[in-house]
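Working notes for the structure below.
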There are 2 protein chains.
Amino acid sequence: MSERRPREIPEATVARLAVYLRVLTGLVDASTVTVSSEELAAIAGVNSAKLRKDLSYLGSIGTRGVGYDVTVLRERIASSLGLSERRTCVLVGIGNLGHALAGYAGFSSRGFTFVGYFDADPGRVGLPIADGTISDISALESVVEENGVSIGVIATPADAAQTVCDRLVDAGVTSILNFAPSVLSVPDNVDVRKVDLAAELQILSFHEHRKSRGPDGGLVESVG
Amino acid sequence: MSERRPREIPEATVARLAVYLRVLTGLVDASTVTVSSEELAAIAGVNSAKLRKDLSYLGSIGTRGVGYDVTVLRERIASSLGLSERRTCVLVGIGNLGHALAGYAGFSSRGFTFVGYFDADPGRVGLPIADGTISDISALESVVEENGVSIGVIATPADAAQTVCDRLVDAGVTSILNFAPSVLSVPDNVDVRKVDLAAELQILSFHEHRKSRGPDGGLVESVG
DNA sequence: AGCTGTGAAAAGATTCACAGCG
DNA sequence: CGCTGTGAATCTTTTCACAGCT
């Protein structure tokens with residue numbers, strides 16, 4: 001009766017659930033049966049109170065005095081993330097990065113099926129890639145529609161990204177993972193996540209910059 | 001006089017500064033002289049109050065009633081991010097993703113110089129990559145030390161990541177960008193940023209899952 | 001008048017600390 | 001007794017709204 005009303009799961013929690021899921025898969029492979037929040041948190045690199053709060057959004061899964069059943073917990077997280085049903089994806093833009101993404105085993109092993117690889121360059125169309133062949137971008141809409149694709153991955157140059165995004169959205173895609181260094185505009189019902197490689201380095205650069213000065217802003221003498 | 005005491009710049013702000021920087025570079029290229037917080041925010045995909053607050057951490061840069069000088073602002077952000085000095089990096093793990101990262105023009109064009117590409121596979125050592133050659137991982141420490149490398153990029157399989165990380169840190173690297181799906185432990189003085197490709201798709205999967213049910217949890221009828 | 005810069009309020013995320021179940 | 005699950009406290013981030021400079 002006290003079926004826990006799953007209040008809205010916070011965005012920050014969702015991001016961590018994916019990490020816990022990976023860690024738990026490792027534990028399952030190592031035949032671990034039970035894990036405490038303390039142990040799991042240590043492996044996942046978070047603090048245990050945070051982990052417990054994160055898991056509490058999924059309902060009461062653990063056993064007090066004992067911990068969490070690894071298999072049960074993993075299953076529960078996977079289902080919360082919607083990974084029980086396989087999702088179909090397309091990848092657009094098959095340059096260096098596109099090739100790397102297509103070859104990334106982590107995707108298919110984790111419930112994502114790529115049903116199309118597209119590029120605008122005629123010189124690339126027809127070349128083999130991963131488990132398929134590069135298609136001309138003109139086929140994008142039909143493939144998306146025929147396969148009920150819900151996730152589109154964009155790895156084109158920045159100047160093509162918005163156009164590709166618009167076409168994906170028009171064809172029915174409602175989630176986009178964008179590797180192009182550009183800000184995409186989409187309707188409200190579409191989710192976009194961005195991976196900005198250069199920005200990541202710049203953020204690290206900021207911290208390097210920080211470290212080379214004292215907390216008070218003064219220069220710190222080099223250790224070397 | 002009222003030289004603005006630059007209170008600690010929040011982490012969330014730092015991440016956005018990198019985005020503003022890219023947008024501003026685009027505006028410079030388009031010969032735009034001045035931009036208002038409203039305009040800049042629209043292009044960067046954030047709200048204008050947030051943008052103004054972000055910029056306020058860098059000091060008072062804009063002109064009331066007018067806006068920001070594009071060149072001045074860009075320069076100011078670049079210097080805050082520590083991009084005035086060029087940073088040297090090494091890349092470890094030259095699989096598909098490593099190749100893509102090495103070939104990513106965005107890095108060198110934005111102030112990052114890669115001084116070494118390493119892999120443990122003898123079959124890869126000596127092959128050309130980007131502007132150099134793949135080196136054996138055994139040379140890692142000497143290259144890091146000789147070049148004062150501050151940023152290490154890890155694109156190895158998960159099971160090698162921690163070992164590589166330890167070696168980088170021991171050799172003096174204080175910032176790590178990790179593409180391997182694993183949690184790294186590092187000393188306090190070392191910063192780690194993680195890019196987890198599968199996790200990104202899983203987060204989108206969660207939102208897809210969400211969308212297929214109503215806000216109240218009920219199933220929503222398919223639109224097709 | 002227009003637009004920045006910023007206190008103050010609101011929302012969101014993390015951490016604490018402990019009640020309560022097994 | 002040990003460990004989960006969670007209110008309450010704290011800290012961070014976002015948003016509001018307007019004083020004040022140009």
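Protein chains get the first letters and strands the later ones, always in sequence-line order, with residue 1 at the start of each. Keep in mind that what you see is a predicted model, and the values were worked out from it rather than measured. All values below were derived from every heavy atom in this structure, side-chain atoms included, with hydrogens, water molecules and symmetry-related copies excluded.
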For [X] and [N], give me the distance from atom [atom1] to atom [atom2], rounded to whole Å.
{"X": "A:R76", "N": "D:dT4", "atom1": "CZ", "atom2": "P", "answer": "17 Å"}
{"X": "B:E11", "N": "D:dT14", "atom1": "CD", "atom2": "P", "answer": "11 Å"}
{"X": "B:E8", "N": "D:dT13", "atom1": "CD", "atom2": "P", "answer": "11 Å"}
{"X": "B:E38", "N": "C:dG2", "atom1": "CD", "atom2": "P", "answer": "13 Å"}
{"X": "A:E39", "N": "D:dG2", "atom1": "CD", "atom2": "P", "answer": "14 Å"}
{"X": "A:L55", "N": "D:dC3", "atom1": "CG", "atom2": "P", "answer": "16 Å"}
{"X": "B:L58", "N": "C:dT4", "atom1": "CG", "atom2": "C1'", "answer": "14 Å"}
{"X": "B:L40", "N": "C:dC3", "atom1": "CG", "atom2": "P", "answer": "14 Å"}

At under 4.0 Å, does any side-chain N or O of [X] touch on OP1 or OP2 of [N]?
{"X": "A:S37", "N": "D:dT4", "result": "yes"}
{"X": "B:Y57", "N": "D:dT13", "result": "no"}
{"X": "B:K53", "N": "C:dT6", "result": "no"}

Shortest side-chain distance from [X], nucleotide among [options]:
{"X": "B:K50", "options": "C:dG5, D:dT15, D:dT4", "answer": "D:dT15"}
{"X": "B:A49", "options": "D:dT22, C:dG5, D:dC16", "answer": "D:dC16"}
{"X": "B:S60", "options": "C:dG22, C:dG5, D:dT6", "answer": "C:dG5"}

| Any sub-3.5 Å donor-acceptor pair from A:R76's side-chain atoms to A:L58's backbone N or O? | yes

| field | Min side-chain heavy-atom separation B:S37-B:S48 under 4.5 Å | value | yes

| Starting at the 5' end of DNA chain C, which residue's closest nucleotide do you reach first, B:D54 or A:N47? | B:D54

| query | So what does B:I61 hit on the nucleic acid, given a heavy-atom distance under 4.0 Å: a base, only sugar-phosphate, or nothing? | reply | sugar-phosphate

| said: With hydrogens left out and only the distance checked, is there a donor-acceptor pair under 3.5 Å joining A:R64's side chain and the base of D:dT4? | reply: yes

| salt bridge (charged side-chain N to carboxylate O under 4.0 Å, His left out) between A:E208 and A:R210: does it pass, once the steps are laid out? | CA-CA 5 Å; A:E208 283 297 310; A:R210 261 295 142 109; over 6 Å; no

| Side-chain H-bond candidate by donor/acceptor type, B:D54 with B:Y20, under 3.5 Å | yes

| Distance-only donor-acceptor check, side chains A:S182 and A:Q162, under 3.5 Å | no

